[in-house]
Structure formats: structure tokens, C-alpha cells
Amino acid sequence: MHTITRMLSVLLLGGLTVAANASSGRDGWQKRVPRCGPDTKVVKFIEYDEGTATAGATPVSIVTYKEKKKKGCWIDVQDLHPTQSAVGMGAAACKSGKITRKGQDGKLDEWLLEDNRWVPLVRGPGGRFYLTDHHHLSSAVYNAEIPDKQKKLYAYLIRDWSRMKEDAFWHRMEEEHLTWLKTPDGRTISGKELPSRIGRLQDDPLRTLSAWVRGSCGYVKCNPPGVTDDDAEGTCPARYADVACASAYFLEFTWAEHHATVPEVQAALAEGGACSQQAPLDQECLDRQRAKLAQALPAAMAAAAAPAARAKPGYNPKAHDGVVPPCE
């Protein structure tokens, strides 16, 4: 009888555990992955050269999904320190709406768990975590209409420079192309002048325009490692196979600087088109900005294909129309 009682107790506890996990829903991921902290380990990179659509003959270093799950962690978006001064707030706002719906449907955790949405971090002086990619995703999560406890991301640590002094740290960050130290107006700044958190990022409309030009194949960015030729069908590198795709550091910012020289783009943003307000985002401002950028897109596409842009990475000389992407 005692044995039967114990078996029933185990079954009951198991049922309660399943029920508890089901009721916790979208918050359950916190229990499966540790929080980022002083014990978070640096991931290992491996050389990837399996002849995919982007890797070609030159091996590239990647972090496998298995390695991310093995050593990864979760981090509150409020604890992220940016390594650039601005994002295209229009692009981030569109992602934010999608994240809001994912959260409402209970599918946000599953979506953020996908390999390409884990964010890379550097642990710097004072144990602070610096975000080296996915600033738009982080801004979108920050501004999504979801509970604060859901505003978290999966992350993996690529460097531990926590014992460095501040100046040496930022010198190393620049040396390894892990920070973009310019403001939207092109002014060079120091690492200490960067926003202290995601919620203080500025808006750079040219960064949104650059994303539209890239999406329209105005310049060609290489697909990430692991994308096979079959998977790459329809992407810009596949559609323009005779164009040398680029995987240069800060490619979108490089082209944003080029767009800034186009007279029609300058005219569209002459009266100021930035919408830096966050939490909540200024949707009226963003709508006006979207209309201005849509007017400037044809000129930006033409300038991207012009001979004057030939030295830019990912240059595509084949002029064609641009497409304003839908904002879901």
C-alpha cells in the first residue's frame, strides 16, 4: 500500500509539474537557460567551409547552435549596453509589432530561440555586457507591448575582456570591429559617449533606408554561413550571382553614409526625420518618416548602382527599382 501511495504521489507531482510548466507558458525559458553573469563561459568558434552559398572557398568562423545552447544565457534587454549610437527606428518598430503579436500568442520564446536570433555579447569592464549585433532586434523587444519580464533575449559570450581598463577595452573593441563609433550625422565619438542602454539609442533614418536598399538588392550582402544553395534561392546573392556579395563589417552603416550624399535623400530629410522617442515609439513621427523615405528610395537605388559607388562593398551596377518593405 505504501508503494502504491508513493507511485500515486509521483504521478500527481508529475502532473502538477506539467500543469505548472504549461501555465508558465512563455516564461518557462528562464528556467532552462541560466541568466548571463560572471560565470557565463566564452563560446568556441569553428571554421566553416562546407561550400555553401556564402562560405565559398574561404573558411569563416562561426558559433554553432549547439555551442550557443551549451554555453548560452538569457539577459534582460535593460542590461544590454549598445556598441553603436543609433538604429533605424522605423525598421525596429516594424519588428516590435511582430514581437508584440508573438508575445500575445505565446510564441515569443520559441521565436527568440531560433539560431539567428541569439545575440552576441562581450563582457567588459565592471562585468557589463556589451551587445555587438542585433541592436534592431533588441530595440524591438524593448519597445514591444509585452510585460517587462518577457523583455529578454538569448545570448552567447564571444569575448571576456572584463579585466581590461576602459580605454584598452574600447581600443580592442575598435580593433576587432565590434563597435561603430559614429553618430547619425557622421560625427566620430568615443566608446564612453555611446548610449548607456538600449532605450537611449538614437534614430538614424538613413539606417532604415539602407535596409530597404539592401532588401531590394541595391547592394548585395552575403547570406550567413550555413545557408545552402537551395535555401539561398531568391536571395540577393542568388539573384545577382555575378555580383561579389559583401560580408564587410557595418555594411549597412557604410551604405547609409553613401545615401546621405544623395541630394534627393538630403531633401527628403532636410527638415529632420529622426524619431528617437522610445517606450512608447512615436508612431505618427515614424509614419511621416516612412513616407519621406519612400519618396527618396528611387534616388537611393539609382545612386547605389552609379559608378561613383563602385568601391563600396557589395556594389551592384545593375540599376533597378526599390521596394518599400511591408511593416507587419
Side-chain angles (χ1 to χ4, degrees), residues 25-27 29-30 74-114 117-119 121 128-131 133-155 180 183-185 193-212 215 252-253 256 268-297 324-328:
R26 63 198 79 156
D27 298 324
W29 64 291
Q30 296 183 32
W74 65 265
I75 188 166
D76 192 307
V77 72
Q78 293 275 21
D79 294 332
L80 292 170
H81 293 263
T83 55
Q84 61 193 52
S85 67
V87 294
M89 209 62 72
C94 290
K95 285 188 178 181
S96 191
K98 184 174 185 177
I99 289 170
T100 296
R101 292 191 297 277
K102 292 285 185 185
Q104 293 169 345
D105 295 341
K107 297 178 180 179
L108 181 57
D109 175 39
E110 179 184 356
W111 188 76
L112 290 172
L113 258 175
E114 293 182 14
R117 295 194 180 95
W118 288 58
V119 302
L121 305 177
R128 294 183 292 273
F129 286 105
Y130 289 87
L131 178 71
D133 199 4
H134 287 315
H135 284 75
H136 284 80
L137 173 62
S138 301
S139 180
V141 170
Y142 176 79
N143 285 288
E145 295 179 17
I146 56 176
D148 287 345
K149 65 181 181 180
Q150 290 183 35
K151 295 184 177 183
K152 298 174 174 63
L153 290 162
Y154 289 107
W180 177 262
T183 60
D185 61 4
E193 295 177 272
L194 286 169
S196 60
R197 57 186 177 85
I198 295 297
R200 292 180 178 171
L201 283 165
Q202 301 173 59
D203 174 34
D204 183 357
L206 292 170
R207 180 60 181 76
T208 295
L209 181 62
S210 181
W212 291 4
E252 290 83 359
F253 278 115
L269 300 175
E271 297 179 2
C275 306
S276 294
Q277 176 181 311
Q278 295 193 63
L281 295 165
D282 187 340
Q283 194 57 55
E284 289 187 7
C285 179
L286 289 169
D287 289 342
R288 291 193 299 270
Q289 180 192 96
R290 185 176 176 84
K292 291 178 180 179
L293 293 179
Q295 291 180 343
L297 180 58
V324 177
C327 187
E328 300 177 9

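Positions are given from 1 along the sequence.
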Q: Please check if the side chain of E284 supplies one atom and the backbone of D287 the other of a donor-acceptor pair under 3.5 Å.
A: no
Q. Are side-chain heavy atoms of M89 and Q289 found at a separation under 4.5 Å?
A. no
**Q.** Nearest-0.5 Å distance that lies between atom CZ in R128 and atom CZ in R197
**A.** 15.0 Å
Q | Heavy-atom closest contact (S138 atom, V77 atom, distance) | A | O-CG2, 3.4 Å
Q.
Tell me if the CD atom of E110 is crowded by more than 12 foreign heavy atoms within 6.0 Å.
A. no
Q. Can you check whether R290 reaches C327 side chain to side chain, under 4.5 Å on heavy atoms?
A. yes
Q.
Check whether H136 reaches the backbone of G88 with its side chain - one donor and one acceptor, N or O, closer than 3.5 Å.
A. yes
(Q) Return the CD1 to NZ distance between I146 and K102, rounded to the nearest 0.5 Å. (A) 13.0 Å
Q: Determine the minimum heavy-atom distance between Q278 and S139, stating which atoms define it.
A: OE1-OG, 3.5 Å
Q) At their closest point, which heavy atom of V87 faces which heavy atom of Q84, and how far apart are they? A) CG1-NE2, 3.8 Å
**Q.** Pairwise side-chain contact, I198 with V141, heavy-atom cut-off 4.5 Å (strictly under)
**A.** no
Q. Is there a side-chain contact between I99 and L137 (heavy atoms, below 4.5 Å)?
A. yes
(Q) Does any part of the side chain of S210, heavy atoms only, come nearer than 4.5 Å to the side chain of F253, both counted from C-beta? (A) no
Q.
Measuring only between side-chain heavy atoms, which start at C-beta, is P82 closer than 4.5 Å to L194?
A. no
Q | From L80 atom CG to S196 atom OG, the distance as rounded to the nearest 0.5 Å | A | 12.0 Å
Q | salt bridge (Lys or Arg N to Asp or Glu O under 4.0 Å) partners for E193, two or more places apart | A | R187
Q: Could you check if a side-chain atom of V119 sits within less than 4.5 angstrom of a side-chain atom of D133, using non-hydrogen atoms only?
A: no
Q) With a 4.5 Å heavy-atom cut-off, do D109 and Y154 have their side chains touching? A) yes
Q | Partner residues of R117 under the salt bridge (Lys or Arg N to Asp or Glu O under 4.0 Å) criterion, sequence neighbours left out | A | E114
(Q) Within a 6.0 Å radius of atom CD on E145, are there more than 12 heavy atoms belonging to other residues, nucleotides or ligands? (A) no
Q: Quick one: pull up CG in L286 and SG in C275 and give me the separation to the nearest 0.5 Å.
A: 4.5 Å
Q | Under 3.5 Å: donor-acceptor pair, side chain of H81, backbone of F129 | A | no
**Q.** For A86 against P184, the heavy-atom pair lying closest together
**A.** CB-CG, 3.6 Å
Q: Look up atom CD in Q277 and atom CD in Q202, then write down how far apart they are to the nearest 0.5 Å.
A: 14.5 Å
Q: Kindly say whether S85 contributes a backbone atom to a donor-acceptor pair with the side chain of H135 at under 3.5 angstrom?
A: no
(Q) Against L293, only a single residue in V324, L269, L206 fulfils side chain to side chain contact (heavy atoms under 4.5 Å, CB included); can you say which? (A) L269
Q) Below 4.0 angstrom, N of the basic side chain to O of the carboxylate: do D148 and K151 qualify? A) yes
Q.
Please check this pair: side chain of T100 against backbone of A144, looking for a donor-acceptor N/O pair closer than 3.5 Å.
A. no
Q: Determine the minimum heavy-atom distance between A93 and L281, stating which atoms define it.
A: CB-CD1, 3.6 Å
Q.
Test your reading of the model: is there a side-chain donor-acceptor pair from W118 to the backbone of L113, 3.5 Å cut-off?
A. yes
